[in-house]
Amino acid sequence: MMSIFLLGVLMFFFYYYFFFFFIFLGFLIFNVISWMGLFVFVDSYVFVMLVLMMLFMLGLIFMSELDSSLKYLSSLLILFCFFFFMSSSVMMLYMFFELSMFPILVMILGFGSQIEKIGSSYYLLFYTIFCSLPFLFVYFKCYYFFSYCFFDFFLSWEMFFVLSLSFMVKFPVYFLHLWLPKAHVEAPTTASMLLAGLLLKLGTAGFLRIMGSMNFVYNNFWVLLSFLGMILSSFCCLFQSDSKSLAAYSSINHMSFLLFAFSLIFLSGKVAGMMMMLAHGYTSTLMFFLIGEFFHVSSSRMLYFFNSFFGSSVLFSVVFFLVFLSNSGVPPSLSFLSEFMVVSQMFSYSGVLFFLVMIYFLLSFYYSVYLVVCSFLGKGFLDLFVFSVGFSVPLVFMMYNFFWWSMMY
């Protein structure tokens, strides 16, 4: 098994071979649960699903991206994220969590088009550093006996808060979210797709890893924080004029709902949160891909210039329509199924919360439908790249295919 893996690392500079090798490896992980006692370990099929989602995104980037440097950086990020999802040691978890920031920083600084990219890189760097150093402090105080594969450990509320702070930045929860819209607006399309579809999943997967040590006495704090994020980021979405910024705040919106699903102490809430991770990965990747395709043609990301999609390309308009409806949680998408599971469990937790969630659903549906209505009609003609948009159809299929996902649980 180790020789197969080393062969894959050697294929790194031939990115198409690298892509097909990781597809083979993703299916191989289903059968082999541990690799000869190495730090690579699969403790849940969820992480296998995330690896397969990662491969769908990598395939879309390889087929649509023209710059080979961005393809190499994407492959490097995929390699780091693969190790993060499969690591059994907390030290390896932390190391690959931090290493994953390096390719994104290079993409933003090297391929961003505006001078504000320097400020957004500072935001990304300093948010990550200040919230990750306490993680190392807790790890040091545990005398390196800190492992989640072999036994459960219990920490005080303060220690758990410090431990989860580094993952909360990558969620990102509201109040620690400011780096995300800035990084998205300055990043190229490929970096935005990876940032929304993959880097945010590192925060959620890391939080899922350490949830075994969570003392649920104080979980009302997480519920309150997630509700604040859901409502406030929905209102932020309503006032955005830049479509990329709207998609970034929409990601914060969904991640707050995911934190709420994890904070409910139900198995179905955990399963729904995992499905929401997968749904958001496909949806947000396609949102940034389609907005980037429009930007390459029109040199504008403003909502007021989003028009004439239907007269220009029917395929583009249908895919755009499906993606933004999935973003608002319309059946039969995977996001609808996960949100329905969370809302149905919420009644047993608190009936009052339902009215707040109703406000969240109303706002999220409004800004998604507003963008769809703006984009369809118009008299102009845009020379949209129909073939590159066609590459996104497999991701749309995975986004609406909840039967296969539900079989895994």
Side-chain angles (χ1 to χ4, degrees), residues 54 57 61 67 69-70 72-85 87 90-140 161-207 209-210 225 229 233 236 242 244-245 247-249 251-252 255-256 259 284-285 288 292:
M54 194 165 74
M57 289 164 46
I61 288 168
D67 195 325
S69 304
L70 281 171
Y72 286 130
L73 286 168
S74 304
S75 302
L76 188 64
L77 182 62
I78 291 288
L79 197 62
F80 290 153
C81 292
F82 177 80
F83 280 128
F84 176 84
F85 290 137
S87 60
V90 176
M91 198 66 215
M92 291 293 171
L93 187 87
Y94 178 80
M95 191 172 78
F96 289 112
F97 183 72
E98 296 304 318
L99 272 175
S100 65
M101 192 179 62
F102 167 71
I104 291 289
L105 268 176
V106 175
M107 284 183 191
I108 293 174
L109 284 173
F111 297 92
S113 54
Q114 302 181 81
I115 194 63
E116 286 88 354
K117 64 186 179 182
I118 300 170
S120 67
S121 301
Y122 274 130
Y123 268 82
L124 173 59
L125 203 58
F126 281 100
Y127 265 92
T128 307
I129 287 171
F130 281 120
C131 294
S132 293
L133 288 177
F135 186 97
L136 285 180
F137 172 74
V138 175
Y139 189 68
F140 172 73
F161 178 74
V162 166
L163 189 63
S164 60
L165 197 60
S166 58
F167 297 123
M168 286 297 146
V169 171
K170 288 284 167 51
F171 237 88
V173 295
Y174 203 81
F175 307 114
L176 294 174
H177 71 287
L178 202 57
W179 64 272
L180 186 70
K182 287 182 175 293
H184 270 307
V185 168
E186 305 305 324
T189 302
T190 301
S192 288
M193 289 160 63
L194 290 168
L195 194 60
L198 195 55
L199 217 63
L200 299 189
K201 303 300 166 292
L202 299 188
T204 54
F207 187 68
R209 292 277 201 188
I210 62 168
L225 192 65
S233 58
C236 285
D242 187 344
K244 235 183 178 184
S245 187
Y249 276 106
S251 292
I252 298 166
M255 290 294 112
S256 299
L259 178 63
S284 60
T285 303
F288 284 106

Counting only pairs under 3.5 Å, give me each side-chain donor-acceptor contact of residues 96-112, with atom names and distances, residues two or more places apart or in other chains.
from	atom 1	to	atom 2	distance (Å)
E98	OE2	S132	OG	2.8
S100	OG	F97	O	2.7

Do I61 and L70 make a side-chain contact, defined as non-hydrogen atoms from C-beta onward lying under 4.5 Å apart? no
One should read off an interatomic distance between S251 OG and H177 NE2, to the nearest 0.5 angstrom, of 12.0 Å
- Message: Between L259 and M168, does the side-chain contact (heavy atoms from CB on, under 4.5 Å) criterion hold? Intermediate values first, please.
- Response: CA-CA 9 Å; L259 178 63; M168 286 297 146; 3.9 Å; yes
_Note, V169 side chain near F130 side chain (heavy atom, < 4.5 Å)_ = no
d(Y123 OH, L178 CG) to nearest 0.5 Å is 5.0 Å
Closest non-hydrogen atoms of V185 and K244, given as atom of the first, atom of the second and distance, are CA-CD, 4.4 Å
Smallest heavy-atom separation, Y174 atom then C236 atom, equals OH-SG, 3.7 Å
CG of L180 to CE of M255, rounded to nearest 0.5 Å, is 10.0 Å
Rounding to 0.5 Å, atoms CG (L176) and OG (S166) come to a distance of 11.0 Å
- Task: Go through the steps for L194 and L73 under the test side-chain contact (heavy atoms from CB on, under 4.5 Å), then give the verdict.
- Result: CA-CA 10 Å; L194 290 168; L73 286 168; over 6 Å; no
K182 side chain to Y122 backbone, donor-acceptor under 3.5 Å:
no
Over 60° means perpendicular and under 30° means parallel, so tell me whether F171 and F207 are parallel, tilted or perpendicular.
perpendicular
Of all heavy-atom pairs linking F167 and L93, the shortest is CZ-CD2, 3.9 Å
Minimal heavy-atom distance between F288 and T189, with the atoms involved, is O-CG2, 3.6 Å
Taking every heavy atom of L195 against every heavy atom of W179, the minimum-distance pair comes out as CD1-CZ3, 4.1 Å
Here the pair of heavy atoms bringing P181 nearest to S245 is CB-OG, 4.4 Å
Run the side-chain contact (heavy atoms from CB on, under 4.5 Å) test on I78 and L198 for me, step by step, so that the C-alpha distance in whole Å, both residues' side-chain angles and the decisive distance to 0.1 Å come before the verdict. CA-CA 9 Å; I78 291 288; L198 195 55; 3.7 Å; yes
Exercise. Does the pair M54 and C81 meet the rule for a side-chain contact (heavy atoms from CB on, under 4.5 Å), with working shown?
Worked result: CA-CA 9 Å; M54 194 165 74; C81 292; 3.7 Å; yes
